[in-house]
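These notes are about the structure you will find just below.
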Number of protein chains: 2
Amino acid sequence: MTEPVDPDAGTARLGSPAIDGQISYKLRLAQIVAYRAFEGVVTGFGAAPRYLGLLCLIRDNPGQAQSRLAEAVALQRSSLVTILDRLEADGLVERRAVSGDRRMKQVWLTPEGGRVVDLLLPQAEAHEAALTAGLSATDKALFLRALDQVVQNLS
Amino acid sequence: MTEPVDPDAGTARLGSPAIDGQISYKLRLAQIVAYRAFEGVVTGFGAAPRYLGLLCLIRDNPGQAQSRLAEAVALQRSSLVTILDRLEADGLVERRAVSGDRRMKQVWLTPEGGRVVDLLLPQAEAHEAALTAGLSATDKALFLRALDQVVQNLS
DNA sequence: CCCGTACTGTTCATGATCGAACAATACGGG
DNA sequence: CCCGTATTGTTCGATCATGAACAGTACGGG
């Protein structure tokens, strides 16, 4: 089974020496595959699975301004408007005016939103396990640390 | 009505215990940040930087069918059509008919495409270095191995 | 007190990708 | 030989995030 790479072989995945060692390339590849796999498994919750990270962020940081939330999930302020519009229409999220500053709106999770998060989180952890199959606990810890480092390097 | 729940001070990045330990979440975050950083730095090459990985793949696997290329970069066949249209219009790529099978078209890199790749690859490596700052050689090797494992797990 | 600056959320046009179609072609069992 | 099935590249409508605008609001120096 330790056969050298043969580009003419049947179902072998294509590679390139120039990019096979690049973390930035594999990062993109892994993210695309992971994202698709999660959305392919979890159905029947509307847009919630796609924005589960955001919902968790709102749950654990209640009453934050949209700008901070956008920065936290690495999205534009303008993108978050549409997303929150939909999550609010689905009754998962609530925008409240703050008395001190009439510009900002605080974002809160509704009880329904909390229930959806509680239902979705176990599925996310199952997906996480499928993702990281074959990796030891220390591998996963180093993996996570490396990802955090990348985010920190480019912020 | 709204209790100011903001114990954190100043410019601390928002977090959530539920997702801070999730590789799938951080994977997405890191990829978004990395992608933006690369495109923000490299300018003046049209659409080539965005599809540098694809171009390298074509260069090192000349004459592959579009389907094969699409699978390799984790994109849909239909998405690759538009991409190759543009790269071909820019003179970087060439589609050739194959005599054996009139359905498929082999994709080749033009000499101009080769030159562009040669110009872009050093910048990609500089970006790679910025990405992985603070990571040791073994850290980077394990990082890469973990990313490959993720891709393999979900394929 | 003003006025410029900075920040809020928002709108709109643009580009990228997807998923479901489609015609053309290859191939193999009956 | 024929007909069903699979595969090729392609088109088209829908969805999503972006970046540049915008009006409204806060705030501090002159």
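Below, chain A is the first sequence line, B the second, and so on; all start at residue 1. None of the values given here were measured: they were computed from a predicted structure.
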Does the side chain of [X] get closer than 4.0 angstrom to OP1 or OP2 of [N] through an N or O atom?
X: B:Arg77; N: C:dC18; answer: no
X: B:Gln66; N: D:dT10; answer: yes
X: B:Arg68; N: D:dT8; answer: no
X: B:Gln76; N: C:dT17; answer: no

Nearest-Å distance for atom pair [atom1]/[atom2], residues [X] and [N]:
X: A:Leu75; N: C:dG9; atom1: CG; atom2: C1'; answer: 15 Å
X: A:Ile32; N: D:dA17; atom1: CD1; atom2: C1'; answer: 14 Å
X: A:Leu29; N: C:dT17; atom1: CG; atom2: P; answer: 13 Å
X: B:Glu71; N: C:dC18; atom1: CD; atom2: P; answer: 14 Å
X: B:Leu69; N: D:dG9; atom1: CG; atom2: C1'; answer: 13 Å

Pair [X]-[Y], side-chain donor/acceptor within less than 3.5 Å:
X: B:Glu128; Y: A:Ser24; answer: yes
X: B:Arg50; Y: B:Tyr35; answer: yes
X: B:Arg95; Y: B:Gln66; answer: yes
X: B:Gln149; Y: B:Asn153; answer: yes

Lys/Arg N to Asp/Glu carboxylate O, [X] vs [Y], below 4.0 Å:
X: A:Asp148; Y: B:Arg13; answer: no
X: A:Arg68; Y: A:Glu71; answer: no
X: A:Arg96; Y: A:Glu94; answer: yes

Indicate yes or no for a side-chain donor-acceptor contact from [X] to the backbone of [Y] under 3.5 Å, with no hydrogens or angles considered.
X: A:Asp101; Y: A:Arg103; value: yes
X: B:Arg36; Y: A:Ala74; value: yes
X: A:Ser16; Y: B:Asp60; value: no

Note: contacts of residues 43-53 of chain A with DNA chain D (heavy atom, under 4.0 Å) are A:Arg50, A:Tyr51
Worksheet entry | Within residues 90-109 of chain B: residues closer than 4.0 Å to DNA chain D (heavy atoms) |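 Nucleic-acid contacts, sorted: B:Arg95, B:Arg103, B:Met104, B:Lys105.
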Ranking C:dT10, C:dC18, D:dG9 by distance to the side chain of B:Ala65, first place goes to D:dG9
ask   = Hey, does B:Leu135 have a side-chain heavy atom less than 4.5 Å from the side chain of B:Phe143?
value =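 Yes - at least one pair of side-chain heavy atoms lies under 4.5 Å apart.
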Numerically ordered, the residues 78-89 of chain A set in heavy-atom contact under 4.0 Å with DNA chain C is A:Ser78, A:Val81
